[in-house]
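First comes the structure, then the notes that go with it.
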Amino acid sequence: MFEIKSKKCLNPTVTMMDIYAPNVAKKAKPGQFIILRVDSTGERIPLTIAGRDIDDGTVKIIFQIAGRTTFSLNQLNEGDFISDFVGPLGNPTKLDGFKKVCIVGGGVGCAIALPVAQQLYKNGCEVHSIIGFRNKDLVILEDEFKSVSSKLTLMTDDGSAGRKGVVTQPLKEAIDQGESYDEVIAIGPLVMMKFVAATTKPYNIKTTVSMNPIMIDGTGMCGGCRLTVGGETKFACVDGPDFDGFEVDFDEAMKRGSMYKDFERHAYDEQCNLFKKEVK
Amino acid sequence: MANLSPVKQPMLLLNAEMRAETFEEVALGYSETEAVKEAERCLHCKNMPCVSGCPVSIQIPDFIKMITENNYEGAYQKIAEASALPAVCGRVCPQERQCEKNCVRGIKGEAVAIGRLERFVADYHNNHAVDHRKPVPSNGHKVAVIGSGPSGLTCAGELRRMGYDVTVFEALHIAGGVLVYGIPEFRLPKRTVQKEIDGLLKMGVKIETNTVIGKTFTINELMNEQGFDAVFVGSGAGLPKFMKIPGENLRGVYSANEFLTRINLMKAYQADSSTPIMHPGKTIVVGGGNVAMDAARCARRLGSHVTVVYRRTKNELPARKEEVEHAVEEGIEFSFLTNPVKINGDENSSAVSVTCQKMELSEADASGRARPVPVPHSDFDIEADVVIMALGTSPNPLIKSTTEGLETQKWGGIVADETGATSIPGVFAGGDAVTGAATVILAMGAGKTAAKAIDEYIKSK
């Protein structure tokens with residue numbers, strides 16, 4: 001069992017938790033993920049690590065309440081326990097040897113992009129961050145990004161905070177204005193990463209994306225997380241989760257990602273209804 | 001007086017129609033009367049050919065004799081001297097290729113049903129005996145076992161019995177390895193596996209779940225920071241193979257590992273499980289091994305029409321005969337001499353059919369089996385919304401990629417000598433991680449051999 005040491009709602013749909021898992025905390029590096037199970041009938045879901053504290057022995061996770069599992073996880077509070085928590089899985093993001101990097105984060109993906117930005121900053125790299133959200137109520141981690149970025153651009157779809165528009169606009173502008181990035185790291189919804197890669201491709205700026213597909217074990221056993229990268233099948237869990245954004249077949253990944261959408265929707269509605277009954 | 005019946009005492013099976021709707025165990029086991037009757041078919045040959053066919057050398061005629069004397073607990077203890085998992089092996093061992101293959105009764109009729117008798121004895125013990133096992137005192141030496149499948153559990157049990165302080169590390173949230181994620185409930189009830197694991201815990205074996213060696217800890221850390229004197233790697237062959245044909249990443253295409261894991265480990269077929277699984281109308285399983293049969297029979301139980309597609313003929317099927325028979329009884333169809341070349345999808349990228357080509361058998365290949373070659377212009381489509389690839393697995397790369405100095409074969413298997421010793425002193429390996437996908441009993445044999453070698457290694461240090 002793994003204790004929830006702290007819980008904080010970042011916005012109405014995104015929650016941050018610190019989970020006591022000292023062995024995982026000791027090893028975790030930016031870009032790696034964990035797999036958790038809330039209870040004994042729970043599903044195994046992968047979540048990218050959003051931070052760690054070796055002294056406290058905790059691992060930070062930030063998740064969007066999107067399905068049955070994240071809904072029940074969000075029902076738990078400080079001092080509660082989840083049944084399983086394993087990691088760190090996958091390969092860390094490569095962060096050495098860069099002088100200037102642009103980090104592009106979208107929605108809850110910003111939670112994963114932050115430790116990457118922080119590590120780059122620590123390494124002495126100049127970090128430009130572009131973070132995008134649907135509206136101002138959903139903005140998370142703005143201050144945290146600010147403290148490690150020499151340039152931060154906040155975007156919202158409706159213009160209720162920062163600039164109105166999508167993250168690829170300021171990215172393209174910066175490149176056109178002559179910013180020379182060693183790399184662009186994009187972490188967010190598949191469609192965002194697809195368009196970031198499409199934006200940087202004409203300039204041939206190395207673009208790394210972080211994939212978060214459906215998986216069960218996270219150790220290469222099930223093959224559920226397979227993607228087509230450069231025409232070859234890769235397993236996100238052991239070959240990734242970071243891949244060359246120019247090579248990933250995003251359309252296929254989006255289709256595969258929605259394989260259980262109906263099941264998820266149904267289960268989520270059922271649980272929400274159940275919850276409504278309980279609070280009455 | 002020996003029972004001279006040329007055929008085995010039949011074992012009661014769950015009705016085939018009922019089976020399509022339930023994951024309950026299919027083979028129901030012998031009653032006492034049936035077991036004694038079958039045991040009396042044994043001729044107690046002096047040279048014991050059956051024992052030489054057993055990878056862990058169970059003293060078969062001895063335990064069978066005890067059954068005829070109604071000494072079932074004695075029979076259990078006799079088996080337990082050699083095997084750590086009798087209830088498991090009695091169910092899933094390919095006896096027809098091992099002990100029973102050598103049985104003298106098999107020359108003019110059917111072999112003695114050694115597997116069924118082993119199962120009877122183990123179940124009798126599990127249902128009646130009180131486990132008085134107590135942990136033997138620790139000898140002060142720590143051994144780490146990586147993986148809680150058949151080789152790891154056997155190695156752990158053997159070492160604990162010798163007094164070693166044994167910790168088993170398991171990546172998943174439950175111990176048992178392939179016995180829990182791979183082999184379905186209807187062939188090997190999970191309570192049976194749990195009982196065997198409980199026995200090990202009672203002996204004092206420690207099991208750490210949710211720990212991925214190579215990620216959470218490395219082998220180097222186990223030996224140099226955590227004080228383990230030796231390590232046994234029994235990480236299995238978990239990486240699924242695909243055919244590399246177009247359409248393999250469509251929605252509805254699974255590796256057998258994923259499909260079986262969702263069902264067996266995550267219980268996706270039960271209403272209270274949060275793990276989703278597609279409920280197919282029509283399923284195609286590609287492959288002809290035991291895993292293919294397991295996947296096909298699971299899909300059938302989810303309510304699907306199932307076709308197993310195999311590129312050779314019925315005679316070359318690598319699956320156990322009994323499993324194939326059970327599959328046929330349950331209404332599973334077979335399309336032999338058939339090889340998929342493409343999976344076709346609809347506008348949502350969901351699989352709708354598989355284009356196959358007809359094959360014919362040519363001369364034998366390196367494996368000694370007739371080589372299938374395509375018949376030109378023989379393409380045809382089979383409808384399917386779920387396609388399961390059961391083509392075998394290769395060893396998990398996590399240990400290899402994180403353990404410096406560990407020699408591996410080109411195909412990923414760990415290089416180990418006949419005792420299990422690897423290229424790193426103190427690191428031993430066995431089971432599918434060394435041999436590639438094989439059987440439960442061979443993995444157990446390797447675990448047992450390695451335990452002996454580990455004992456010698458630590459004593460000689």
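Atoms considered below: every heavy atom in the structure, side chains included; atoms not considered: hydrogens, waters and symmetry mates. Just so we're on the same page: letters track the sequence lines, and every chain starts at 1.
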Response to the item:
Honestly, the part of L260(B) sitting under 4.5 Å from a heavy atom of chain A is neither
Practice prompt. Side chain from CB out, backbone as N, CA, C, O: work out which of these in L239(B) comes under 4.5 Å of a heavy atom of chain A, or both, or neither.
Written response: both
Item to complete: Answer with side chain, backbone, both or neither: which region of K267(B) has an atom nearer than 4.5 Å to a non-hydrogen atom of chain A?
Response: neither
Worksheet item: Could you state the interatomic distance from CE (M259(A)) to CG (N348(B)), rounded to the nearest 0.5 Å?
Response: 13.0 Å
Discussion item. Taking side chain as everything from C-beta outward and backbone as N, CA, C, O, which of these in I45(A) sits under 4.5 Å from a heavy atom of chain B? Side chain, backbone, both or neither.
Written reply: neither
Item to complete: Look at atom NZ of K190(B) and say whether more than 12 heavy atoms of other residues, nucleotides or ligands are closer to it than 6.0 Å.
Response: yes
Practice prompt. Answer with side chain, backbone, both or neither: which region of E248(B) has an atom nearer than 4.5 Å to a non-hydrogen atom of chain A?
Written response: backbone
Item to complete: Would you mind reporting whether N249(B) and R256(A) have side-chain heavy atoms less than 4.5 Å apart?
Response: yes
Item to complete: Tell me, for I174(B) versus chain A, whether the close heavy atoms (under 4.5 Å) come from the side chain, the backbone, both or neither.
Response: neither
Response to the item:
Scored by heavy-atom pairs under 4.5 Å with chain A, the best of V212(B), L250(B), T275(B) is T275(B)
Worksheet entry | F2(A) versus chain B, the contacting section by heavy-atom distance below 4.5 Å | side chain
Worksheet, complete the sentence: Honestly, the part of Q32(A) sitting under 4.5 Å from a heavy atom of chain B is side chain
Discussion item. Please check: side-chain N/O of N396(B) versus main-chain N/O of G220(A), any donor-acceptor pairing under 3.5 Å?
Written reply: no
Fill in: Validation row: Y181(B), I216(A) side chains within 4.5 angstrom (heavy atoms)
no
Worksheet item: Considering only heavy atoms, which portion of S40(A) lies under 4.5 Å from any heavy atom of chain B: side chain, backbone, both, or neither?
Response: neither
Worksheet entry | For P276(B) against E43(A), the heavy-atom pair lying closest together | CD-OE2, 3.5 Å
Practice prompt. Could you give me the CA-CA distance, side-chain angles and deciding distance for R251(B) and S258(A), then say whether side-chain hydrogen bond (donor to acceptor under 3.5 Å, both in side chains) is met?
Written response: CA-CA 9 Å; R251(B) 303 190 330 168; S258(A) 64; 2.5 Å; yes
Worksheet item: Can you tell me if NZ on K7(A) sees more than 12 non-hydrogen neighbours from other groups inside 6.0 Å?
Response: yes
Worksheet item: Is it the side chain or the backbone of E208(B) that comes within 4.5 Å of chain A heavy atoms, both, or neither?
Response: neither
Item to complete: Taking all non-hydrogen atoms of both residues into account, name the closest pair between R226(A) and V253(B) and its distance.
Response: NH2-O, 2.9 Å
Worksheet item: Would you say the side-chain atoms of K27(A) pair up with the backbone N or O of T216(B), donor to acceptor, closer than 3.5 Å?
Response: yes
Fill in: K215(B) and V86(A): CA distance, side-chain angles, deciding distance, side chain to side chain contact (heavy atoms under 4.5 Å, CB included) verdict
CA-CA 10 Å; K215(B) 292 289 177 185; V86(A) 56; over 6 Å; no
Worksheet item: Does T261(B) reach the side chain of M221(A), with side-chain heavy atoms less than 4.5 Å apart?
Response: yes
Worksheet item: Does any non-hydrogen side-chain atom of R262(B) lie less than 4.5 Å from one of C222(A)?
Response: no
Practice prompt. Taking the side chain as every heavy atom from C-beta outward, state whether T211(B) and N23(A) have any atom pair closer than 4.5 Å.
Written response: no
Practice prompt. Go through the atoms of M389(B) and report whether side chain, backbone, both or neither lie under 4.5 Å from a heavy atom of chain A.
Written response: neither
Discussion item. What part of K255(A) gets within 4.5 angstrom of chain B, counting heavy atoms only: side chain, backbone, both, or neither?
Written reply: both
Discussion item. Just so I know, are the side chains of R37(A) and S274(B) near enough to count as touching, which here means a heavy-atom distance under 4.5 Å?
Written reply: no
